Amino acid sequence: EQLFPNTLSKKAPIIDIALPYTGHYYCSYDGVYFDAAIGVGMKLIDDQHPNIKNMIRVLLQSNAIIRRESVTNDIMVVNPESYIKTPQDVSSLVNGLANKAFPHFAPYKAYLSSSGAEAIEAALKIACRATHFKLIKIYGYDFESKIMNDLGIALNQELSHPIDKEPLYVNYPYYFIAMKGAFHGRTLGALSLTNIRPVHKRGYPASLNVKYISFNGDDDELIHIIDFRTLKEIYDTGEKIVDIIAGGKIPKELIAGVIFEVYQGEAGYNIADKKWVSSISKICRDNEITLIADEVQSFARTGKVFALE
């Protein structure tokens, strides 16, 4: 019925891709299959490509395929004439590709992670920290204290540091806006953004504050969630942040980021509409809200390095 059935269908085939295999042909209990998929998630590289096999051979010969984690930073140096490429080489390549693809937001800095979920976690942490430092820079600590008192968030009195004397709170009121049908990983933070199956939610505490809007939906869904006034403008009217949030809106300065997949994999390979992406991008840009594009499943797979191009 389908050339490429998705995994949501009960009729989706379950193929035992077991050894032995030759090239891209796998011999399983149900017959011989041709593996036409480049892989999902982090499996981007064709493990049967001769260049990849040659690289692995060189790494094995150089005793460099398994090293301590410290070799992933700038202390790792190889002879320029060597065939070996370091993490720095890969980062420089990706930085250059990102700078070329999106020059308006350049320069970029690549962070190499071990999984898609780990990459998402890094993005969430960066977005939250950037939101926090931005608020402190604009308003200062006294204003932050006013917000926290309004929201009933207490100071963390237990964790102290002899040098770091900045106020520390038990929680921070930063929100993310994610898409219905999204899948960003299985770690706790990424699961807070995931919205597709009960098993991904059941029993887990919500580590992040998340609102959901429809993927490829109406712009009004995003607009209706955001209170476009600054925090100062809200307080100048005599309103309280807690009442704004209770009413279903989030002040724009408390939104750490809007996150979406360029195409949703788990939800049935739904491709983002260009007009929709442009619209939410403009809303975020006009209001200085971080927009996070999850390209774990789309990077280098769509004819462009970044599917967002």
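Model, not experiment: these values are computed from the prediction.
The hydrophobic cluster containing Leu112 does not contain Leu124, counting ILVMFWY residues as joined when their side-chain heavy atoms lie under 4.5 angstrom apart, directly or transitively.
Checking side-chain atoms of Asn287 against main-chain N and O of Ile289 turns up no donor-acceptor pair under 3.5 Å. At distances below 3.5 Å, not a single donor-acceptor pair connects side-chain atoms of Gln297 with backbone N or O atoms of Gln264.
Here Lys275 does not pair with Asp273 in a salt bridge; the nearest charged N to carboxylate O distance is not below 4.0 Å. Taking the charged nitrogens against the carboxylate oxygens, Glu295 and Arg301 have no contact shorter than 4.0 Å, which rules out a salt bridge.
Applying the side chain to side chain contact (heavy atoms under 4.5 Å, CB included) rule to Val242 yields the partners Asp150, Leu151, Lys240; only residues at least two apart in sequence or on another chain are considered.
Side-chain contacts under 4.5 Å among hydrophobic residues (ILVMFWY), followed directly or transitively, place Tyr141 together with Ile136.
Atom CD1 of Ile271 has 12 or fewer neighbouring heavy atoms from other residues, nucleotides or ligands inside a 6.0 Å radius. In the displayed structure, Asn51 atom CG is contacted under 6.0 Å by more than 12 heavy atoms of other residues, nucleotides or ligands. Within a 6.0 Å sphere centred on CD of Gln61, heavy atoms belonging to other residues, nucleotides or ligands number more than 12.
Rounding to the nearest 0.5 angstrom, the gap separating the SG atom in Cys284 from the CD1 atom in Ile226 is 6.5 Å. For the atom pair CD (Glu166) and CG (Leu168), the distance works out to 10.0 Å, reported to the nearest 0.5 Å. Here Arg285 contributes atom CZ and Ser278 contributes atom OG; the two are 8.5 Å apart, rounded to the nearest 0.5 Å. Between Phe105 atom CZ and Leu291 atom CG the span is 8.0 Å, to the nearest 0.5 Å.
There is no side-chain donor-acceptor pair under 3.5 Å between Tyr172 and His132. Judged purely by distance below 3.5 Å, without hydrogens or angles, the side chains of Thr187 and Glu118 never pair a donor atom with an acceptor atom.
Aromatic ring orientation, Phe299 versus Phe306: perpendicular (interplanar angle above 60°, classes split at 30° and 60°).
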Contacts under 3.5 angstrom, residues 251-262 side chains, donor-acceptor by atom type, not counting sequence neighbours:
from, atom 1, to, atom 2, distance (Å)
Lys252, NZ, Phe228, O, 3.4
Glu253, OE1, Tyr139, OH, 2.8
Glu253, OE1, Leu231, N, 2.9
Glu253, OE2, Tyr139, OH, 3.1
Glu261, OE1, Phe183, N, 3.2

| field | side-chain contact (heavy atoms from CB on, under 4.5 Å) assessment of Phe176 paired with Asn209 | value | CA-CA 6 Å; Phe176 285 91; Asn209 300 309; over 6 Å; no
